[in-house]
Amino acid sequence: MEPDNDTGISEFLLLGFSEKPELQPLIFGLFLSTYLITVCGNLLLILAVSSDSHLHTPMYFFLANLSFVDICITSTTIPKMLWNIQTQSKVIIFAGCITQMYFFLLFAGWDDFLLTVMAYDRFVAICHPLHYMVIMNPQLCGLLILLSWIISVLNSSLQSLMLLRLTFCTGMEIPHFFCELNQVIGHACSDTFLNDMVMNFATVLLAGTPLAGILYSYCKIGSSIHRISSAQGKYKAFSTCASHLSVVSLFYCTSLGVYLSSAATQSSHASAVASVMYTVVTPMLNPFIYSLRNRDIKRALKRIIGVPVM
């Protein structure tokens, strides 16, 4: 099959999870429910943080940003998939594919950096409690958010622009429910060495560096908690990190599992199914993890709903 002369292929086909018509209503209902829960749960968390003056602290400021990013991540992928199921169409135009990929990379990268910033926040709170408010001042918090945003924008812009140099064969089918970077590059007809090199370098740098920062922070946190004499003090210090540690574990275990399983099985369909864990399930669970384990969040949510606070 001859490749096109340029990158201007008109459309791609997103194959999704199954081509069986009888399964489409089930998939539609499942993902619609998941999406609504994700949006409502994270919006409630943002509303709780913004409406309660007791939650106007760096930790909850970063948490509200994380909830916003989780809404954005799911909104870049699920609505298009639901639309395709509803209209019984698998088509996504080339410009739409690039746009979807750009915003997914942007918000996924921002999510990763936010988790690192939140780990640093917990490190300062536990290892330097007397200087916490001085170190984590509003200017630094805003700067950390801005830097995370800028780096994510630069990465997603570079990765998306690099795709424009590739040529694609006609009738391209993507065995995924969204335009995932690795899948799109793998279906190009032209040489993808430079794209693969940039993608792998960005993955190591932008995923490995934040993970190293998180591990370093928790090593220091663990050392500080170990030096606390009382059991109650140890529990109180650990409880402030438990929710974040749960979210980090969920995010990295599922995302690493996707790439390890896809590399082992060489199955694009298996990769698509596994991707649901960190693109759909993790953003949905984050507000539950933080609200169920955090007394202040539960108190703020009760005020919003109208339940008397004891």
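Along the sequence shown, residues are numbered consecutively beginning with 1. Quick note: numbers below take in every heavy atom, side chains included, and nothing from hydrogens, waters or symmetry partners.
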What is the distance from atom CG of Asp112 to atom OH of Tyr278, rounded to the nearest 0.5 Å?
11.0 Å
Could you tell me whether the side chain of Leu14 reaches within less than 4.5 Å of the side chain of Cys179, counting heavy atoms only?
yes
Where Thr74 and Pro283 come nearest, the two heavy atoms and their spacing
CG2-CB, 3.9 Å
Between Ser157 (side chain) and Leu154 (backbone), is there a donor-acceptor pair under 3.5 Å?
no
Leu147 and Leu140: same hydrophobic cluster, using ILVMFWY side-chain contacts below 4.5 Å?
no
Please work out whether the ring planes of Phe31 and Phe17 are parallel, tilted or perpendicular, with thresholds of 30° and 60°.
parallel
Shared hydrophobic cluster for Ile151 and Phe62 (ILVMFWY, side-chain gaps under 4.5 Å)
no
What one should report as the nearest heavy-atom pair of Asn286 and Leu66 is ND2-CD2, 4.2 Å
same_hphob_cluster(Phe113, Leu144) at 4.5 Å side-chain heavy-atom cutoff
no
Hphob cluster co-occupancy, Ile98 + Ile174, side-chain heavy atoms under 4.5 angstrom:
yes
Is Thr279 close to Phe104 at the side-chain level, that is, under 4.5 Å between some pair of heavy atoms?
yes
Beyond-backbone contact of Cys241 with Ile221, side-chain heavy atoms, under 4.5 angstrom
yes
With a 4.5 Å heavy-atom cut-off, do Tyr120 and Met136 have their side chains touching?
yes
Assess whether side-chain contact (heavy atoms from CB on, under 4.5 Å) is satisfied between Tyr102 and Val153, documenting all intermediate values.
CA-CA 9 Å; Tyr102 171 84; Val153 167; 3.8 Å; yes
Can you tell me how far the OG1 atom of Thr203 sits from the CZ atom of Phe201, to the nearest 0.5 Å?
10.5 Å
Begin from the C-alpha positions of Gln159 and Ser156 and carry the test side-chain contact (heavy atoms from CB on, under 4.5 Å) through to its verdict.
CA-CA 5 Å; Gln159 299 283 6; Ser156 59; 5.8 Å; no
About how many Å separate CD of Gln100 and CG of Leu105, when rounded to the nearest 0.5 Å?
10.5 Å
Are any side-chain N or O atoms of Ser224 and backbone N or O atoms of Cys127, one a donor and one an acceptor, separated by less than 3.5 Å?
no
Would you compute the distance between atom CG of Leu32 and atom CD1 of Ile27 and round it to the nearest 0.5 angstrom?
13.5 Å
What I'd like to find out is whether the side chain of Val204 reaches to under 4.5 Å of the side chain of Asn200, using heavy atoms alone.
no
Between His56 (side chain) and Ser50 (backbone), is there a donor-acceptor pair under 3.5 Å?
yes
Donor-acceptor pair, distance only, cut-off 3.5 Å: does the side chain of Gln24 make one with the backbone of Lys20?
yes
Is any side-chain heavy atom of Arg165 closer than 4.5 Å to one of Asn195?
yes
Could you tell me which non-hydrogen atom of Tyr60 sits nearest to which non-hydrogen atom of Thr57, and how far apart they are?
CD1-OG1, 3.1 Å
Is it true that the side chains of Tyr35 and Ser75 contain a donor and an acceptor less than 3.5 Å apart?
yes
Verify the neighbour count for atom CZ of Phe68: are there more than 12 heavy atoms of other residues, nucleotides or ligands below 6.0 Å?
no
Please report the interatomic distance OG(Ser243) to CZ(Arg122), rounded to the nearest 0.5 Å.
10.0 Å
Classify the ring geometry of Phe94 against Phe12: parallel below 30°, tilted from 30° to 60°, perpendicular beyond 60°.
perpendicular
Relative to the ring of Phe103, is the ring of Phe107 parallel (under 30°), tilted (30 to 60°) or perpendicular (over 60°)?
parallel
How about Ile46 and Ile71: do any of their side-chain heavy atoms sit closer than 4.5 Å?
yes
Checking the side chain of His187 only, and the main-chain atoms of Phe168 only, is there a donor and an acceptor separated by less than 3.5 Å?
no
Checking salt bridge (charged side-chain N to carboxylate O under 4.0 Å, His left out) between Asp52 and each of Arg299, Lys302, Arg303, which is the one that passes?
Arg303
Mind checking whether Tyr132 and Asp121 have side chains closer than 4.5 Å, heavy atoms only?
yes
One pair to check against ring pair (Phe, Tyr, Trp, His ring centres under 6.0 Å): His244 and Tyr290. What are the steps and the verdict?
CA-CA 8 Å; His244 177 257; Tyr290 275 100; 7.4 Å; no
Trace of the side-chain contact (heavy atoms from CB on, under 4.5 Å) decision for Leu250 with Ile289
CA-CA 11 Å; Leu250 188 62; Ile289 292 173; 4.2 Å; yes
Donor-acceptor contact below 3.5 Å, side chain Asn42 vs main chain Val39
no
With a sphere of 6.0 Å drawn around CD of Glu22, does it hold more than 12 non-hydrogen atoms of other residues, nucleotides or ligands?
yes
Given 3.5 Å as the limit, does a donor-acceptor pair link the side chain of Ser223 with the main chain of Lys220, or not?
no
Could you go through Ile297 and Val49, starting from their C-alpha distance and side-chain angles, then the distance that decides it, and tell me whether this counts as side-chain contact (heavy atoms from CB on, under 4.5 Å)?
CA-CA 8 Å; Ile297 291 289; Val49 171; 4.2 Å; yes
Heavy-atom closest contact (Asn182 atom, Met199 atom, distance):
OD1-CE, 3.4 Å
State plainly whether one hydrophobic cluster holds both Phe251 and Phe288, where clusters connect Ile, Leu, Val, Met, Phe, Trp and Tyr through side-chain heavy atoms under 4.5 angstrom apart.
yes
What is the distance from atom CG of Leu45 to atom CG of Leu301, rounded to the nearest 0.5 Å?
6.5 Å
Atom NZ of Lys234: over 12 foreign heavy atoms under 6.0 Å:
yes
